[in-house]
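By convention in this document, chain letters (A, B, ...) are assigned in the order of the sequence lines, proteins followed by strands, and residues within each chain are numbered from 1. The basis for the numbers below is simple: all heavy atoms, side chains too, and nothing from hydrogens, waters or symmetry mates.
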Amino acid sequence: MRTSQLLAPTLREEPAEAEVISHRLMLRAGMIRKTTSGVYTYLPLAQRVLFKIATIIREEMNRAGGQEVALPIIQPAELWQESGRWAVYGDELFRLQDRHDRDFCLGPTHEEIITDLVRGEVHSYKQLPQLLYQIQNKYRDERRPRFGLMRAREFIMKDLYSFDRDAAGLETSYRKMYEAYTRVFQRCGLKFRAVEADPGAIGGNASHEFMVLAGSGEAVIVYCNECGYAANVEKAEARPELSQEDLEPCDLELVSTPGVRTVEDGTAFFGITPKEIIKTLFYEAEYETGRELVAVVIRGDRSINEVKLLNRLGCLRVEMASEARIKEATGANPGFVGPIGLQGIRILADAEIPLMVQGVVGANQDNYHYRGVNPGRDFPLDDVADLRIVEAGEPCPKCGHPLAESYGIEVGHIFKLGTKYSSAMNAYYLDDKGQKQLMVMGCYGIGVSRTMAAAIEQNYDANGIKWPVAIAPFQVIVVPVSYQDDQQRQVAEMLYEQLLNLGVEVILDDRLERAGVKFKDADLIGYPYRITIGPKALKEGQVEISCRFTDQCSHVKVEEAAEWVANQIHQQLHS
RNA sequence: CGGGGCGUAGCUCAGUUUGGCUAGAGCGCUUGCUUGGGGUGCAAGAGGCCGGGUGUUCAAGUCACCUCGCUCCGACCA
């Protein structure tokens with residue numbers, strides 16, 4: 001390829017629409033253009049990167065026994081009604097109707113479609129397991145698309161679905177996928193971590209997320225450098241911390257506390273630390289059958305993990321209760337509410353609460369608090385669970401070593417689905433005794449377009465992108481300082497040919513631009529290697545080879561340059 | 001879904017407050033010269049339903065109403 005022909009309209013100025021670094025750089029590097037909110041056109045450079053990521057994924061899926069299929073993007077409502085998700089999925093499902101007013105959706109994922117296929121075509125235990133995957137566009141009508149490709153409405157996903165005879169088979173498939181994913185992201189050249197995750201709405205009982213580590217990541221993960229424990233904070237477990245082990249229970253006391261609304265106010269007023277305050281939060285829990293107001297008590301310095309709360313309650317949704325609702329239930333304004341004397345309201349306590357002996361709570365009466373509150377004595381502790389968000393520095397739940405924290409971008413997610421879909425959609429097989437059995441499923445996704453964005457979030461500098469070799473749009477760019485100079489041009493053309501013959505993905509900058517322009521573009525686009533052919537080194541019979549990643553520059557003899565670069569690339573790809 | 005902001009040249013933006021001649025700048029693009037190792041310099045050009053609609057007015061990029069699109073914030077700690 002020659003840059004004179006390449007459709008990569010680089011921008012000197014910052015596009016106004018871009019917010020995150022990957023979005024900005026992809027626009028500036030001429031990789032993508034926005035077509036409409038949350039929908040992007042991929043230009044040749046982006047397409048090459050996506051193709052490379054997809055190729056790595058394909059190779060690893062195939063290696064693990066996966067078979068590629070292509071599934072419809074337009075999916076009939078009937079299948080979604082059968083699984084129950086037509087009603088549950090909500091506004092994120094892109095819905096449409098045909099000319100006969102029949103309902104369809106654009107697939108955000110393909111459990112229904114694949115289960116429908118397999119139940120129709122697979123009937124015997126001899127055909128199991130099946131590992132089927134597809135790499136295609138998927139659709140989610142995000143309430144607010146943002147961060148460029150990171151949260152788009154149209155995006156590219158690889159999804160693999162496993163169908164096994166039983167839980168043991170699923171375990172095997174799951175482990176295969178875990179290993180395959182590890183290989184995929186290693187081969188992409190990304191720094192990542194696999195973490196325990198909450199299975200969330202997809203269902204099932206175990207799951208891991210693969211997080212590309214980047215400061216801009218939306219997800220917070222905690223991990224232990226000692227034993228390797230790693231989890232999304234939504235899931236991370238916590239050891240309850242003793243905070244008042246030296247104190248004895250004392251009498252309950254009603255205290256006038258005018259204007260003391262927040263934990264901060266409370267610590268100042270009582271001269272105590274947030275650890276000694278018991279926060280009471282009211283949630284509206286939504287079940288299929290109705291709503292319930294619950295009170296959740298937690299230490300003043302902790303935060304509630306709503307995912308844990310939702311799982312504990314077994315409800316569909318939780319939401320902070322409105323001020324009006326709280327007042328109606330307690331008679332007091334938020335800030336003066338507490339667990340003592342609540343009538344007919346379920347009280348959930350975080351696991352740290354029973355360890356407290358003298359707490360401060362609101363008295364359910366404006367401008368009054370109780371102190372000396374003894375959980376269990378002064379309010380019931382019938383429902384105790386781990387409900388808080390783990391923070392960095394807390395002891396690892398496995399080994400006790402302090403946990404570290406970092407930000408990650410979720411690029412892969414693997415789930416054990418179990419029989420959720422097979423039972424809803426009647427996907428049976430006959431076992432070796434002729435008995436009907438439910439297939440046991442797993443699903444395993446990788447955000448392909450998101451991985452491209454995540455790679456940039458992790459690898460860039462002030463000048464532009466720094467592609468890992470394995471997913472770079474081209475591995476090398478050959479830049480003659482002046483293409484008009486006969487000698488430079490001849491050397492450039494020769495190296496270009498040699499690299500092509502060596503199987504290197506090379507692009508030649510044959511534009512009649514000034515050197516500075518060519519260097520800027522090369523840095524912005526982020527080619528891993530640049531061979532610069534200029535009069536200075538050429539006098540010595542040399543060219544300069546610089547590495548975008550390490551910023552190192554080597555002078556190499558013209559006749560050895562192609563081989564030299566090819567070796568570097570080979571090493572990068574196989575290290 | 002709630003609240004803000006913005007739609008003017010391919011891009012980034014002035015101009016709108018206080019209506020008034022042929023609507024501007026920089027970058028990019030074309031042509032010529034120049035330059036030739038980190039976005040050269042000079043000159044000449046091309047390029048606009050001022051998002052769309054309705055209205056007010058002698059007159060609308062500018063005011064009013066409607067509409068479409070884009071974008072940011074929020075939708076959690078008592």
Mind checking if [X] touches a base, just sugar-phosphate, or nothing, with heavy atoms under 4.0 Å?
X: A:Arg28; result: base
X: A:Arg514; result: base
X: A:Glu306; result: base
X: A:Val337; result: nothing
X: A:Pro535; result: base
X: A:Lys34; result: sugar-phosphate
X: A:Glu544; result: base
X: A:Ile298; result: nothing
X: A:Thr36; result: sugar-phosphate

Using whole Å, what does the distance between atom [atom2] of nucleotide [N] and atom [atom1] of [X] come to?
X: A:Leu27; N: B:C27; atom1: CG; atom2: C1'; result: 17 Å
X: A:Lys275; N: B:C77; atom1: NZ; atom2: P; result: 23 Å
X: A:Tyr527; N: B:G38; atom1: OH; atom2: P; result: 20 Å
X: A:Glu264; N: B:C77; atom1: CD; atom2: C1'; result: 13 Å
X: A:Glu284; N: B:A75; atom1: CD; atom2: C1'; result: 16 Å
X: A:Arg153; N: B:U71; atom1: CZ; atom2: P; result: 9 Å
X: A:Leu387; N: B:C77; atom1: CG; atom2: P; result: 18 Å
X: A:Glu391; N: B:C77; atom1: CD; atom2: C1'; result: 12 Å

Of the listed nucleotides [options], the one nearest the side chain of [X]:
X: A:Gln484; options: B:A78, B:U12, B:G36; value: B:G36
X: A:Glu19; options: B:G37, B:C72, B:A78; value: B:C72
X: A:Thr10; options: B:G37, B:G39, B:A78; value: B:G39
X: A:Val517; options: B:C13, B:U40, B:C72; value: B:U40
X: A:Met320; options: B:U12, B:C72, B:C76; value: B:C76

Between the base of [N] and the side chain of [X], is there a donor-acceptor distance below 3.5 Å?
X: A:Arg530; N: B:G38; value: yes
X: A:Asp523; N: B:G38; value: yes
X: A:Glu13; N: B:G28; value: no
X: A:Asp521; N: B:G39; value: yes
X: A:Glu513; N: B:G39; value: no

What's the gap between [N] and [M] when it is taken at their [atom1] atoms, as a whole Å value?
N: B:G48; M: B:C29; atom1: C1'; value: 15 Å
N: B:A23; M: B:A75; atom1: P; value: 47 Å
N: B:G4; M: B:U40; atom1: C1'; value: 44 Å
N: B:A59; M: B:G15; atom1: P; value: 26 Å
N: B:A46; M: B:U30; atom1: P; value: 15 Å
N: B:C50; M: B:A9; atom1: P; value: 9 Å
N: B:G52; M: B:C68; atom1: C1'; value: 7 Å
N: B:C58; M: B:G19; atom1: C1'; value: 12 Å

Using Watson-Crick or G-U wobble geometry with both distances below 3.5 Å, tell me the partner of [N], or none.
N: B:C11; result: B:G26
N: B:C6; result: B:G69
N: B:C1; result: B:G74
N: B:G32; result: B:C42

Is the distance from OP1 or OP2 of [N] to the nearest side-chain N or O of [X] less than 4.0 Å?
X: A:Arg143; N: B:A75; answer: no
X: A:Ser303; N: B:C76; answer: no
X: A:Thr280; N: B:A78; answer: no

Q.
Just to verify, which of A:Met1, A:Gln475, A:Gln5 counts as forming a side-chain contact (heavy atoms from CB on, under 4.5 Å) with A:Ile507?
A. A:Met1
Q) Which comes earlier along RNA chain B counting from the 5' end, the contact point of A:Asn463 or that of A:Lys279, where each point is its nearest nucleotide? A) A:Asn463
Q. Mapping A:Leu512 and A:Ala16 to their closest nucleotides on RNA chain B, which lands nearer the 5' end?
A. A:Ala16
[X]/[Y] ion pair, N-O < 4.0 Å:
X: A:Glu241; Y: A:Arg302; value: yes
X: A:Arg312; Y: A:Asp386; value: no
X: A:Arg388; Y: A:Glu352; value: yes

Q.
Is any side-chain heavy atom of A:Trp86 closer than 4.5 Å to one of A:Cys105?
A. yes
Q. With distance as the sole test, does A:Arg371 use its side chain to make a donor-acceptor pair with the main-chain N or O of A:Gln358 at under 3.5 Å?
A. no
Q. Can you check whether A:Ile340's main-chain N or O pairs, donor with acceptor, with A:Asn364's side chain at less than 3.5 Å?
A. yes
Q) Just checking, A:Arg153 and A:Phe94: is the charged tip under 6.0 Å from the six-membered ring centre and within 45° of the axis? A) no
Q: Check A:Glu457, A:Gln458, A:Arg450 against A:Ser22 for a side-chain hydrogen bond (donor to acceptor under 3.5 Å, both in side chains) and give me the one that passes.
A: A:Glu457
